[in-house]
**Student:** 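I'd like to ask some things about the structure below.
A note on names: the letters A, B, ... follow the listed sequences, proteins ahead of strands, and every chain is numbered from 1.
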Protein chains: 2
Amino acid sequence: MKKIIAKYRKRDFKLTPQRLAILKYLDGNTSHPTADDIFTNIKKAYPTVSFATVYNTLQALKEKGEILEVTIDYEKRHYDPNTAPHHHIICTECNKISDVFKDYSDSLMLPNEILKEFKTIGNHIDFYGICKECQKERGD
Amino acid sequence: MKKIIAKYRKRDFKLTPQRLAILKYLDGNTSHPTADDIFTNIKKAYPTVSFATVYNTLQALKEKGEILEVTIDYEKRHYDPNTAPHHHIICTECNKISDVFKDYSDSLMLPNEILKEFKTIGNHIDFYGICKECQKERGD
DNA sequence: TATCAAATAAGAATAATTCTAAATTAGATA
DNA sequence: TATCTAATTTAGAATTATTCTTATTTGATA
């Protein structure tokens with residue numbers, strides 16, 4: 001946590017107690033929480049925290065490149081403090097999201113007719129599957 | 001249109017005038033319309049059509065595998081009558097969506113640690129870029 | 001310690017989508 | 001062709017994630 005404080009002090013980002021709680025919750029978190037997950041957790045220590053604060057903080061962190069917004073779940077956004085390039089796989093039964101650390105960038109050349117029409121910026125791969133727990137439940 | 005009618009008559013899908021109008025609008029349409037785009041268009045001929053009808057019809061067509069739901073735009077769903085496997089690229093300025101016809105499936109092997117945890121179902125690649133018109137506007 | 005721009009809280013607003021319930025209708029059948 | 005019924009339509013309310021508003025509070029600098 002001391003590292004976190006030192007890091008943000010310099011960066012035009014006021015360290016309020018609410019923000020520190022959010023940063024602490026996200027630090028090393030691989031569960032891909034939603035804004036609501038974060039809100040619910042922070043509320044334990046700060047019962048009057050508002051959604052606006054959670055969303056504002058996530059927005060600010062996103063703009064600073066400190067977290068990634070994960071859009072694999074079309075119902076709600078998830079957040080990931082791991083900003084290294086990676087992909088995700090989601091369980092279509094329980095919506096659990098896991099990280100996929102593999103670089104596919106060499107394989108994703110666009111066809112020429114697209115390259116003629118678009119200046120490309122990037123891409124995004126999402127995988128779908130059924131996780132072990134859900135396979136068990138379904139008796140697969 | 002005669003083909004369309006013949007096709008659906010057999011398939012437990014009542015052909016109401018509203019549904020025919022939606023099918024006609026979607027047939028060969030490569031603009032990736034949203035539910036609202038479809039609603040607005042159908043309204044010209046059927047001023048009392050409701051959103052529920054549009055959404056119900058899209059849902060039914062999706063379940064029959066007659067259209068694809070396109071999720072590249074996180075703000076709203078788009079629909080594509082082309083059900084052949086393909087990908088999309090979206091202009092990050094104007095949100096125009098184009099089709100990418102290229103098969104990348106051989107390149108997208110998942111790492112072993114994921115294969116151990118998930119029975120895989122499929123994947124999805126989205127591309128981001130800036131289209132020609134928007135490049136001009138920005139003076140790129 | 002005073003200052004003030006930035007952040008917070010509470011709740012209203014927004015927008016896409018889904019739901020509800022009553023009225024209508026496509027298409028099968030007599 | 002007329003009747004019947006389950007499926008469909010409609011209008012509008014409800015839902016849900018997210019954004020916005022405004023008055024109040026506060027972190028960090030001078």
**Student:** Using rotation axes that map the C1' atoms of four end pairs onto the next four (five pairs an end), what angle separates the end axes of the helix from C/dT1-D/dA30 to C/dA30-D/dT1, to 10°?
**Tutor:** 30°
**Student:** With sequence neighbours excluded, tell me which residues meet side chain to side chain contact (heavy atoms under 4.5 Å, CB included) with B/Ser31.
**Tutor:** B/Asn29, B/Pro33
**Student:** For A/Glu137, which residues count as a salt bridge (charged side-chain N to carboxylate O under 4.0 Å, His left out) partner, sequence neighbours excluded?
**Tutor:** none
**Student:** Looking at residues at least two apart in the chain, or sitting in another chain, which of them share a salt bridge (charged side-chain N to carboxylate O under 4.0 Å, His left out) with B/Lys62?
**Tutor:** B/Glu69
**Student:** Check whether any side-chain heavy atom of B/Thr34 sits under 4.5 Å from a side-chain heavy atom of B/Tyr79, and report yes or no.
**Tutor:** no
**Student:** If the cut-off is 4.0 Å, is A/Thr53 near the phosphate of C/dA9, judged by side-chain N/O to OP1 or OP2?
**Tutor:** yes
**Student:** Please, which pairs that meet side chain to side chain donor-acceptor pair (under 3.5 Å) have at least one residue in residues 100-114 of chain B, sequence neighbours excluded?
**Tutor:** B/Asp103-B/Ser105
**Student:** Which residues pass the salt bridge (charged side-chain N to carboxylate O under 4.0 Å, His left out) test with B/Lys119, not counting sequence neighbours?
**Tutor:** A/Asp140
**Student:** With sequence neighbours excluded, tell me which residues meet salt bridge (charged side-chain N to carboxylate O under 4.0 Å, His left out) with B/Glu75.
**Tutor:** A/Arg77
**Student:** Output one letter per nucleotide in nucleotides 14-28 of chain C: B when a protein non-hydrogen atom lies under 4.0 Å from the base, S when only the sugar-phosphate is that close, - when neither is.
**Tutor:** --SBBB------BS-
**Student:** How would you list, by chain and number, every residue that makes a ring pair (Phe, Tyr, Trp, His ring centres under 6.0 Å) with A/Tyr128, sequence neighbours excluded?
**Tutor:** none
**Student:** Using distance only, find each side-chain donor-acceptor pair of residues 80-88 of chain A under 3.5 Å and give its atom names and separation, not counting sequence neighbours.
**Tutor:**
from    : atom 1 : to      : atom 2 : distance (Å)
A/Asp80 : OD1    : A/Asn82 : N      : 2.8
A/Asp80 : OD2    : A/His32 : NE2    : 3.3
A/Asp80 : OD2    : A/His86 : NE2    : 2.9
A/Asp80 : OD2    : A/His88 : NE2    : 3.2
A/Asn82 : OD1    : A/Ala84 : N      : 3.0
A/His86 : ND1    : A/Ala84 : O      : 2.6
A/His86 : NE2    : A/His88 : NE2    : 3.2
A/His86 : NE2    : A/Asp99 : OD1    : 2.9
A/His88 : NE2    : A/His32 : NE2    : 3.4
A/His88 : NE2    : A/Asp99 : OD1    : 3.2

**Student:** When we call it a touch if two heavy atoms are under 4.0 Å apart, what does A/Thr48 touch: a base, just sugar-phosphate, or nothing?
**Tutor:** sugar-phosphate
**Student:** Walk along DNA chain D from 5' to 3' and tell me the first and last nucleotide with an atom closer than 4.0 Å to a non-hydrogen atom of chain A.
**Tutor:** D/dA17 to D/dA28
**Student:** Applying side chain to side chain contact (heavy atoms under 4.5 Å, CB included), can you list everything that pairs with A/Thr16, at least two apart in sequence or on another chain?
**Tutor:** A/Gln18, A/Arg19
